[in-house]
Amino acid sequence: MVNNYKVLAYILWRAKRPQWSIWALISLVLTSVSGRMSISYWGIRGEFDLLWWLPNLFL
């Protein structure tokens with residue numbers, strides 16, 4: 001699934017519009033929140049394998 005905010009930020013950046021940075025920040029925040037939610041979900045379910053998650057958290 002494509003992050004529409006990321007696409008919008010890219011389009012605004014290419015058009016040299018100053019609003020691109022706001023949309024890029026929104027995209028970054030939503031992406032990191034989504035990642036934290038998935039980690040929390042697997043942690044609550046008890047399927048948290050540290051040897052698998054550590055390299056992926058690094059990425």
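Only heavy atoms go into these numbers, but all of them, side chains included; no hydrogens, no water, no symmetry mates.
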Out of curiosity, [X] [atom1] to [Y] [atom2], how far, rounded to the nearest 0.5 Å?
{"X": "Ile11", "Y": "Asn4", "atom1": "CD1", "atom2": "CG", "result": "9.5 Å"}
{"X": "Arg17", "Y": "Leu8", "atom1": "CZ", "atom2": "CG", "result": "10.0 Å"}
{"X": "Ser21", "Y": "Leu28", "atom1": "OG", "atom2": "CG", "result": "12.0 Å"}
{"X": "Tyr41", "Y": "Glu47", "atom1": "OH", "atom2": "CD", "result": "7.0 Å"}
{"X": "Leu30", "Y": "Met37", "atom1": "CG", "atom2": "CE", "result": "10.5 Å"}

Original post:
Taking only residues two or more places apart in sequence, or in another chain, which ones meet Tyr10 in a side chain to side chain donor-acceptor pair (under 3.5 Å)?
Top reply: none
Original post:
Taking only residues two or more places apart in sequence, or in another chain, which ones meet Arg14 in a side chain to side chain donor-acceptor pair (under 3.5 Å)?
Top reply: none
**OP:** For residues Ala9 and Ala24, report the shortest heavy-atom separation together with the two atoms involved.
**Re:** CB-N, 3.6 Å
**OP:** Taking all non-hydrogen atoms of both residues into account, name the closest pair between Tyr5 and Ser27 and its distance.
**Re:** CB-CB, 3.9 Å
**OP:** Tell me, please, which residues at least two apart from Ile22 pass side chain to side chain contact (heavy atoms under 4.5 Å, CB included).
**Re:** Ile26
Original post:
If you group Ile, Leu, Val, Met, Phe, Trp and Tyr by side-chain heavy-atom gaps below 4.5 Å, do Trp52 and Ile39 land in one group?
Top reply: yes
